[in-house]
Amino acid sequence: MSRTTFLNVDDTKAGMEDLDKEKINKLIQEASKNSKFFKQQQRREEENRRRIEVKLSKIKSFSTFQIEQAEKSADRYLNQLDKTRDLSRIFCHIDMDAFYASVEMRENPALQHVPMAVGGEGMLSTSNYLARQFGVRAAMPGFIARHLCPNLVIVPCDFNKYRVDSSKVMKIISEYDENYGSCGLDEAFADLTNHLQKRSTLSEEQRTFPKEENSTETITFGITAEETVQEIRHRIYLATRITASAGMACNMRLAKLCSDINKPNGQYQLESNVNVILNFIRNLPIRKIKGIGKVTALHLESLQIQTVNDIYLKRGILKLIEYPSTFDFLMRVCNGCGSTTIEHDDLQKSIGHETTFNGTSDSLQLISLCRDLAKKTVDELISDRILCKRVTLKIKTVNFEILTRSKTLSSYTDSLNIITDKVITLLKHELDQDLELPALRLMGVRVSDLKMKSSDLPILQFFSKKSTTTTINENTHDMIEDIDDDADDDEGEEENLNEEFLSIENQYNEDCNSKLIHIDDENSNTSTTTCPVCQKMLLGDNDKINKHIDLCLNGEMIRTTIKEQDQQTSPQTNYNKRINLTQSKVTPPAKRQKRKFNTTPQRTNGTMTLQNNSTTIDFQSWFIPIDILNMICCVSAVILALIFLFIIIFDKVYRKVGMILVVNSCLAEFIFGIYLLAVTLFTFHNDLKQIYFYDSFCLITAYIGYMSIGLQNYSYLLQAIYRYILIVNPLGLFYQSVKFQVFLISFTWICCIIYPFPLVFTGQIKYLVDDQLCQIPPGFSFVTIFNAFYIYLFPMISIVLIYLKMVRYVREMSKHVTPVNRLFHAQRELKMIRRIISLVSILIALGLPYQTLIIVSFFKSAPKYHFRIVFIFINASLVFVLIAILEITEPLKTSLIRRINGRATNVVRTVA
DNA sequence: GGGCCGGGCCGAT
DNA sequence: TGACTATCGGCCCGGCCC
């Protein structure tokens, strides 16, 4: 037997008995030796070995007499356990064989003959038996699996499919025990005792099933437990075309162990006889026991405990060194005792979400992520009508060190603001306190100490018979008082925050609620406003007002619930669902369905349910085609801009002042194109992986975006100004000089480079989950208006005004006696400006959706995926603008034509 | 001494 | 080249308070 280390292959899975473990372990070590994960595992193992050393030295201090006494005490305990042994029942554990992999192989038979695994590149969920021969197993990262088995086919998880099959399986099992307990999608326990008693009274017909689907041939099963389970497995196969293994025994622990004996597609029944049971369990290696993981195994192995029988032999020492609960567990194991009741927990104990991302230390990003996770968790709380009292923040550093920080609240709540505040306070405290804290790679928010929103029920029942208006006002009134208490409680802790974080926090609150309330921060922290939900005048600081609105919105939810209640369901339905999903000592199926083994966030129904500050997003099928379209536009634009720059530089047409301005425009377009390409690639990457993830790259691109859009628009303004100068002040040579133009160009560049900095550093730019990009969220705010004016409206309006002024000027000029060439010249420049106007109108037309969005967002919330939609136009505008530049810039056009012709001539010549 | 709180660790799927 | 999940339950410990 291989010695337990933290990185060895876990060979306890069925189908992995005959592996060359040494070879596989060597390959795994090789694949992961340089990773931080490996180093962390080494640290963990060393720490555990240190603890083992302490244990061993403690053991040395015990006298033989002490050990003998402990052994006698253990024996007495074993005797007691023996007396409570219940051999009267017969449990069955059904385990679907490589469930996810089997579903995939059924859907795609080609996969049946290749080693294959289900999951993501990050983590595998399960593997088929062919892959297991290579050591590929569940909970193994994809890259190691590929190292072990280069031909491995990895199929992404599709929980929808598995859920359909799982429900078929569970339905069949429920016919044998309606109180069955499921452990996830692929496992279930059933107590067959009652069914077996009734079974003898069943007619043969009731025990007869078709041999094959749609076949007339039938098969009749007998009345024994063995045959009953064969019947269950046969019916499962008929329903799903997937095999299941089963184990039968007098308790659940033994039944589970039995289902593993004849895997796959087999079953095993353990006789309900003490000697048989002891003989069976004592010969098993400890790692087969549910509840003994790597760490416990390592500790037990250090005491020369390899099998369950060794546990028995070392019972004296175990009694002396283990915690009572651990000792109790081990004694139950070595006596073959197990649970004989399928218990159902009353209430889920905690709810939370966590996500892994590329390591980052950027506190802004971390706080924003934390907020998203809190929102997601609170949404779940609210939708299930549950309150919580304890919030926990979990973080994992890039070195795989995990920290959890939790805080108990003064009262039960489901307020987004309270929970978010609390968890962000915990995060800030960590970030502040530990300056050496490495970058983080995971963050999680969890709430616990849950209770049902019980007070809702009588209120709802009572008021549902009255007018809804009364309900809301009554409820809201009560809630305001509640929340004020909570707000007071929170104030004390706010003192711990440093100023930087406070400013970020306030900014966020402003952003979030700018559509709801106006707060005059300049005068004081206190202001009056009207609540958009209950229409009451509110007096207080931002926090209190926000919290009030938060609660009012919950009140709004209550009203909705009342309406729904009258129509269809009771408000308890959701909660009951949750209870029903929760099984004894097993993960609720709904939760298990969510489990994933890849790096992507939770996916259900092929969609991703994520929260940002305002919306829930689903992955849409049109994302990818649109991303590709955008990429085509961006790449075309970048290539065009590069070609233009190349031509201008190599043909030396840049020596003219006007061309310097065109170079400036092309350069701006090039940067803007690169920005759009980066954004599109970023979005495409996230869409493809169906993840929401961002790092400072996203912020940097946003910065470059705002800068380059400014550069682009001002470059056209400079061109217009230059034309204007040429006409209005043809003798003002200084203004037409290269020096002056370069000065203007430099000036606009400096303005455009500097202006987005405050946007970045004051957290105005946010990662918008739905749109997968970083932008200033649309909405009525000074920043939005200033931004729109600074980089768009001002240059565009100026160009239009210059054009109008020039039209008037040329008209005036033509009325007076003017040198012909000067008039001609002016008309030509006017034509130039007209072209610039046509170019600008492209920008205006295709930028219009963006501007409309901004304006609409002043009055109501922006539609979902708004930026995705407007960015299609912006990407397209870039290509059109570059084509327009070519069209209106004569020297560029002629140069390009000459080159194309030249090359064509060359080709002809070569061919000839 | 018992209960609560906050932190850490383990295990299962 | 580097690359190792998400969610939940449960247990234990030390520190603190009553």
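Each chain gets a letter, A, B and so on, in the order the sequences are listed, and its residues count up from 1.
- When each of A:S325 and A:S35 is assigned the nucleotide of DNA chain C with its nearest heavy atom, A:S35 is the one assigned upstream, toward the 5' end.
- Note: CD1 (A:I351) to C1' (C:dC8) measures 11 Å, nearest angstrom.
- The CE-C1' distance, from A:M140 to C:dA6, rounds to 19 Å in whole Å.
- At a threshold of 4.0 Å, the pair A:R49-A:E46 does not count as salt-bridged, since none of the basic side-chain nitrogens sits closer than that to a carboxylate oxygen.
- For A:E354, the side-chain atoms get nearest to C:dA6 when compared with the rest of C:dC4, C:dG9, C:dA6.
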Once base and sugar-phosphate atoms are separated, protein heavy atoms under 4.0 Å mark nucleotides 6-11 of chain B, 5' to 3', with B, S and - as BSS-SS
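- A:H93 and A:F189 have tilted rings, their planes meeting at an angle from 30° to 60° on a 0 to 90° scale.
- When the side-chain nitrogen and oxygen atoms of A:R146 are compared with OP1 and OP2 of C:dA3, none of them lie within a distance under 4.0 Å.
- A salt bridge is defined here as a Lys NZ or Arg NE, NH1 or NH2 lying under 4.0 Å from an Asp or Glu carboxylate O, and A:K55 with A:E322 meets this definition.
- For A:R146 and A:E121, the salt-bridge test passes: some basic side-chain N is under 4.0 Å from an acidic carboxylate O.
- Close to C:dT5, at under 4.0 Å from its OP1 or OP2, lies no side-chain N or O of A:S125.
- One can place CZ of A:R446 at 7 Å from P of C:dG9, the figure rounded to the nearest angstrom.
- A:R405 pairs by the side chain to side chain contact (heavy atoms under 4.5 Å, CB included) definition with A:L403, A:L426, A:E430, not counting sequence neighbours.
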Distance-only donor-acceptor hits, side chain of residues 325-338 of chain A, under 3.5 Å, sequence neighbours excluded:
residue	atom	partner	partner atom	Å
A:D328	OD1	A:Y77	OH	2.1
A:D328	OD1	A:R332	NE	3.1
A:D328	OD2	A:R332	NE	3.2
A:N335	ND2	A:L78	O	3.2

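- Straight-line distance from the CG atom of A:D328 to the P atom of C:dC12: 10 Å, rounded to whole Å.
- Contact between the side-chain N/O atoms of A:H353 and the OP1/OP2 oxygens of C:dA6 is not found at any separation under 4.0 Å.
- Rounded to whole Å, atom P of C:dT7 lies 9 Å from atom CD of A:E380.
- Protein atom CG of A:L124 is 13 Å distant from nucleotide atom P of C:dC4, rounded to whole Å.
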Can you check nucleotides 15-18 of chain C for protein contacts, nitrogen or oxygen pairs under 3.5 Å, and list what you find?
none

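- Taking every side-chain heavy atom of A:Y323 into account, C:dC13 is the closest of C:dC13, C:dA6, C:dC8.
- Evaluation of the side chain to side chain contact (heavy atoms under 4.5 Å, CB included) rule for A:N128 yields A:A101, A:M105, A:M116, A:L130, A:A131 as partners, not counting sequence neighbours.
- Note on A:K394: a base of the nucleic acid sits closer than 4.0 angstrom, heavy atoms only.
- Look at A:K375 and A:D379 and you find a salt bridge, because one of the NZ, NE, NH1 or NH2 atoms lies within 4.0 Å of a carboxylate O, short of that distance.
- The interatomic distance linking A:Q40 (CD) with C:dT5 (P) rounds to 11 Å, in whole Å.
- The ring pair (Phe, Tyr, Trp, His ring centres under 6.0 Å) check on A:F684 picks up nothing, with sequence neighbours excluded.
- Distances were taken from every side-chain heavy atom of A:F143 (C-beta onward) to each of C:dT5, C:dA3, C:dA6; the shortest belongs to C:dA3.
- Rounded to a whole Å, the CG atom of A:D449 is 15 Å from the C1' atom of C:dG10.
- The 5' end of DNA chain C is approached more closely, in terms of each residue's nearest nucleotide, by A:P141 than by the other of A:P141 and A:P324.
- Screening A:T126, A:T243, A:N265 for a side-chain hydrogen bond (donor to acceptor under 3.5 Å, both in side chains) with A:D97, the sole residue that qualifies is A:T243.
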